[in-house]
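Notes for the one structure printed next.
Just so you know, these numbers use all the heavy atoms, side chains as well, and skip hydrogens, waters and symmetry mates. Each ligand, and each atom within it, is numbered from 1 in the order the structure gives.
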Amino acid sequence: MEVPPTAGLPLELLDLAPRRAELVERIAAALALPPLQLECSGTAALCVALLAARERAPARSEVVVPAYTCPLVAIAVRSLGFSLRVCDLSPDSLDMDAGALVELCSEQTLAVVPTHLGGLVSDVDSACAAAARTGALVIEDAAQALGALDRGQSVGLRGDVGFFSLAAGKGLSIYEGGLLATGDAALRAELARASQQYVPRRILFELRRCIELLGLAALYRPRGLALAYGRGLRRALRRGDPIAAVGDDFPATIPIHRVGLWRQGVGTRAAARLPRFLEALRAQARRRIPRLAAIPGVRVLDERPQTRGSWPFLIVLLADERSRDAALARLWQSGLGVSRLFIHALPDYAYLADCVPRGAPMPHARALAARTLTISNSPWLDDARFERICSEIQQALA
Ligand SMILES: *Cc1c(COP(=O)(O)O)cnc(C)c1O
């Protein structure tokens, strides 16, 4: 038995039957979102948003992102020929430091990308304020936050554009997919135009994704995950490669193509189960956070006022790297869904050397990478197993 590190919505056999593809309509209806645009991954959705932004402001070329985020974001920015500006976080927080953000934004800034990690709604208002001063676009990275709410409405709408990921393990999945959302009708038309212009049909690539989705449907369950996830995890950790263990080792090119109708149909049926699944995840997280936070030396990153997370996992912040590593030594290979988010702050990945500017120290992002671990919020992690995790952490810190 292997608990997945994030709470993905499991697929059912019936989901695989061919049907009308109404994926974007169903998700928009379920989460009260405006009309959505489907792309082949969250990263591809970001690329389309950046290309649309470039149409508006051809002279601008810099993209500001948090120093602690998915390496794919850095690869995407680089693949389009833009340059990355990395913003440190506030201390012990997932939000970009508001002061640093203002300093990074200039007449060169194409877009600022506030990011909702772990389904927790981050501070978009500061990004909007910094961007507005220079005329940059705000693109919310809600890849991990489909279903999260900011002041009663879905994340992704407070900035100019938001994108969500439908990748394996990120909530609702069609193996790989991404959604673009905007409340601005003119921008929505520009995003559609950018997609028509830049996104090709690739039949063989789509066929491969169909087979991968069948594999996901078959193996995304406690036994199958031991094979599909646990084996590779343990092998990577044995050879001392944490980057591979969490899947942070991404290829240098971003596949861009259209999503076929069969995969859209699979997601359509699964989308009907999304609202109840999200309810259950939030209830489970709210129940478990006090238990964890009662352990001396443990802090759990939580919802900011007037927001609701989508809770794919809990992010646990410990006093220092030694305590974190002591806890992980007991839990990472336990099959209980304990893991790490991104291994490094962006400037510390050797393989991203040509995507990320070096030099800036990014102390708070680095501290977060060193001191956090994640606990799956999958329903397959039952109370007894969750209790085991708590007591292992307690012993590791004692
Ligand atoms: C996964 C992820 C992405 C990219 O989404 P894909 O669908 O995997 O391409 C972007 N940003 C963050 C924060 C992510 O976690």
task: Give me the ring orientation class for F205 and H257: parallel if the planes are under 30° apart, tilted from 30 to 60°, perpendicular past 60°.
output: tilted

- prompt: Under a 4.0 Å heavy-atom limit, does S41 contact ligand 1 with its side chain, its backbone, both, or neither?
  reply: both

- prompt: Taking side chain as C-beta onward, heavy atoms only, is H344 less than 4.5 Å from I243?
  reply: yes

field: Donor-acceptor under 3.5 Å (Y351 side chain, F250 main chain)
entry: yes

statement: For A167, the atoms of ligand 1 under 4.0 Å from one of its heavy atoms are 7 (O), 8 (O)

- prompt: Do R151 and D125 sit within salt-bridge range, that is, some charged N less than 4.0 Å from a carboxylate O?
  reply: yes

Pi-cation contact, F386 with R291 (under 6.0 Å, within 45°): no

message: Under 3.5 Å between any N/O of S165 and any N/O of ligand 1: does that happen in this structure?
response: yes

- request: Heavy-atom contacts with V73 under 4.0 Å: which atoms of ligand 1 show up? List them by number with element.
  value: 10 (C), 11 (N)

- request: Give the cluster check for L227 versus L233: same hydrophobic cluster or not, with ILVMFWY residues linked at side-chain heavy-atom distances below 4.5 Å.
  value: no

task: Considering the heavy atoms of L117, write down every atom of ligand 1 situated less than 4.0 Å from one of them.
output: 13 (C)

statement: If we number the atoms of ligand 1 from 1 as shown, the ones under 4.0 Å from a heavy atom of G177 are 7 (O)

task: Within a distance under 4.0 Å of any heavy atom of A143, pick out the atoms of ligand 1 and give their elements.
output: 2 (C), 3 (C), 10 (C), 11 (N), 12 (C), 14 (C)

- prompt: Evaluating non-hydrogen atoms only, which member of Q144, K170, H116 is closest to atom 1 (C) of ligand 1?
  reply: K170

- line: Candidates L72, T69, I75, T43; heavy atom nearest atom 9 (O) of ligand 1 found on T43

- prompt: Just by distance, do the side chain of S154 and the backbone of L149 share a donor-acceptor pair under 3.5 Å?
  reply: no

Any N/O pair G42/ligand 1 closer than 3.5 Å: yes

Closest protein heavy atom (residue, atom, distance) for atom 13 (C) of ligand 1: D141 OD2, 3.3 Å

message: Quick check for you: to the nearest 0.5 Å, what is the distance between E303 atom CD and I289 atom CD1?
response: 6.5 Å

